[in-house]
Protein chains: 2
Amino acid sequence: MRRPLRRDARERRDKLLAAAQREFAAHGVDASLEKIARDAGVAIGTLYRHFPTRLDLLMAAFQPRLQEFLDGANKALEMNDPWEGFVYYLEHLFGMQAGDRGFNDFLSRRFTDSAETERIHDEMCQQIVDMLTRAQEAGEARCDITLADIVNLIWSNGRIIEATSATAPNAWRRYLYLMLDAYRAERAHPIPEPPMTYEQLYDAMVHLSEAQ
Amino acid sequence: MRRPLRRDARERRDKLLAAAQREFAAHGVDASLEKIARDAGVAIGTLYRHFPTRLDLLMAAFQPRLQEFLDGANKALEMNDPWEGFVYYLEHLFGMQAGDRGFNDFLSRRFTDSAETERIHDEMCQQIVDMLTRAQEAGEARCDITLADIVNLIWSNGRIIEATSATAPNAWRRYLYLMLDAYRAERAHPIPEPPMTYEQLYDAMVHLSEAQ
DNA sequence: GCGGAAAGGGAGGTCGCCCTCACCATCGCT
DNA sequence: AGCGATGGTGAGGGCGACCTCCCTTTCCGC
């Protein structure tokens with residue numbers, strides 16, 4: 001049974017979380033923990049007392065963003081037109097990637113030793129599959145694409161945002177609308193490579209975490 | 001007037017270049033120079049004597065790759081069908097990106113203090129413009145895309161390769177063929193964002209270099 | 001207001017990277 | 001063969017990151 005935090009501890013914890021949100025948003029999930037502590041006006045030892053691992057801090061800092069995202073996603077599922085829902089979902093997701101580099105990194109990677117992040121990732125994958133299937137069954141999205149193709153899209157959008165955020169902050173949106181034309185059933189041409197399997201996809205996300 | 005290198009100097013220089021090619025290919029243009037020296041069986045001071053800056057080493061190591069690329073590109077320009085040439089060019093480019101992470105990085109960035117790399121980049125941009133214009137004039141590629149869209153494509157392909165090279169080494173090819181469907185003129189849908197200007201594009205490439 | 005538990009602090013060890021420089025080794029011209 | 005120029009070496013200084021641990025400070029219940 002965890003007793004409530006002492007007042008001073010609570011305050012410093014909050015400052016750390018605020019600083020972490022800023023730093024992760026600006027520099028991605030590999031941001032310097034020492035800089036976060038400095039920004040929070042707190043000693044590095046204090047950061048480690050509250051958050052023994054980087055992942056602990058990450059999860060605490062991203063909780064609100066993730067909730068916000070999941071809420072937005074539900075709206076997409078409630079839309080009547082499957083294609084519109086699909087577009088809305090991706091636009092919402094891309095917009096959040098653009099606004100937060102940490103969220104961007106978080107989406108692209110798997111953190112195998114956190115059951116909590118794994119659960120969130122699984123949930124998002126499920127949402128994407130639902131979205132895509134609905135659009136495919138309505139005959140709007142081409143039938144030869146899978147979850148893995150959408151994850152590829154998320155990865156590549158992440159890169160475009162890294163490149164353009166400082167100079168052309170809306171470039172990702174243009175890229176998305178181009179990509180949507182690639183996904184329409186009416187324009188589909190055969191693709192010479194099979195989709196990635198789920199396992200390949202998973203391994204690739206783990207790989208991104210390991211290669212920093 | 002540069003006199004020829006002493007025999008021992010020439011040998012060590014060659015070993016350094018070979019090690020640099022391996023390391024850059026495996027870890028990108030930010031690979032550790034100390035590791036390159038170690039791999040070459042040479043002291044770090046020797047590396048710096050031959051190549052005072054990272055860019056000097058980079059250029060020396062990439063010269064052959066770049067030549068190889070430019071040769072392949074010429075083939076594309078000689079093809080009769082403009083669309084086929086366009087596809088061939090991109091497939092060739094993507095394949096080289098997939099085989100060499102250093103080349104991949106090199107494509108995405110600008111190194112402002114090297115006239116030589118700037119020249120090469122300018123040349124590639126010109127090739128792309130020629131390629132694209134030809135395909136557009138033949139009515140095969142949609143008219144509302146520009147050089148910047150192709151550079152976006154190169155960036156995003158770079159990211160997909162980073163993610164998938166270890167688990168699904170041909171995933172980039174699937175992505176390319178999907179993207180090609182986005183570029184076809186037939187039944188193109190309007191895009192709500194304007195293309196990036198050349199200046200935005202240039203700044204974005206410089207930005208990628210600075211943020212490591 | 002006091003005592004002990006909870007929390008904070010930050011110096012310091014480790015690592016990998018960049019880059020320099022004073023000294024030593026080697027080559028090759030004569 | 002000998003000597004000067006050319007080239008090689010690697011310790012060492014600087015940096016910024018990670019993480020630990022012991023000592024000090026602060027809180028809060030009694």
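Throughout, protein chains are lettered first and strands after them, A, B, ... in sequence-line order, and every chain is numbered starting at 1.
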Can I get a per-line list of side-chain donor-acceptor pairs under 3.5 Å for residues 89-96 of chain A, giving both atom names and the distance, sequence neighbours left out?
residue	atom	partner	partner atom	Å
Tyr89(A)	OH	Gln127(A)	OE1	2.9
Glu91(A)	OE1	Tyr177(A)	OH	2.9
Glu91(A)	OE2	Arg173(A)	NE	2.5
Glu91(A)	OE2	Arg173(A)	NH2	3.2

Sugar-phosphate, base or nothing in reach of Ile44(B), heavy atoms under 4.0 Å: base
Residues forming a salt bridge (charged side-chain N to carboxylate O under 4.0 Å, His left out) with Lys35(B), sequence neighbours excluded: Glu23(B), Asp39(B)
Sugar-phosphate, base or nothing in reach of Ser32(A), heavy atoms under 4.0 Å: sugar-phosphate
Outermost nucleotides of DNA chain C that come under 4.0 Å of a non-hydrogen atom of chain B: dC17(C) to dG28(C)
For Asn74(A), all residues meeting side-chain hydrogen bond (donor to acceptor under 3.5 Å, both in side chains), sequence neighbours excluded: none
Between the protein and nucleotides 13-15 of chain D, list the N/O to N/O atom pairs that are separated by less than 3.5 angstrom.
none

Estimated bend of the helix from dG1(C)-dC30(D) to dT30(C)-dA1(D) (axis per five terminal pairs, rounded to 10 degrees): 10°
Integer-rounded Å distance: dA17(D) C1' and Glu23(A) CD: 14 Å
Touch class at under 4.0 angstrom, heavy-atom based, for Arg13(A) against every strand present: nothing
Sugar-phosphate, base or nothing in reach of Arg49(B), heavy atoms under 4.0 Å: base
Where Val29(B) and Gly102(B) come nearest, the two heavy atoms and their spacing: CG1-O, 3.5 Å
From dG10(D), dG8(D), dC18(D), nucleotide with atom closest to Ala43(B) side chain: dG10(D)
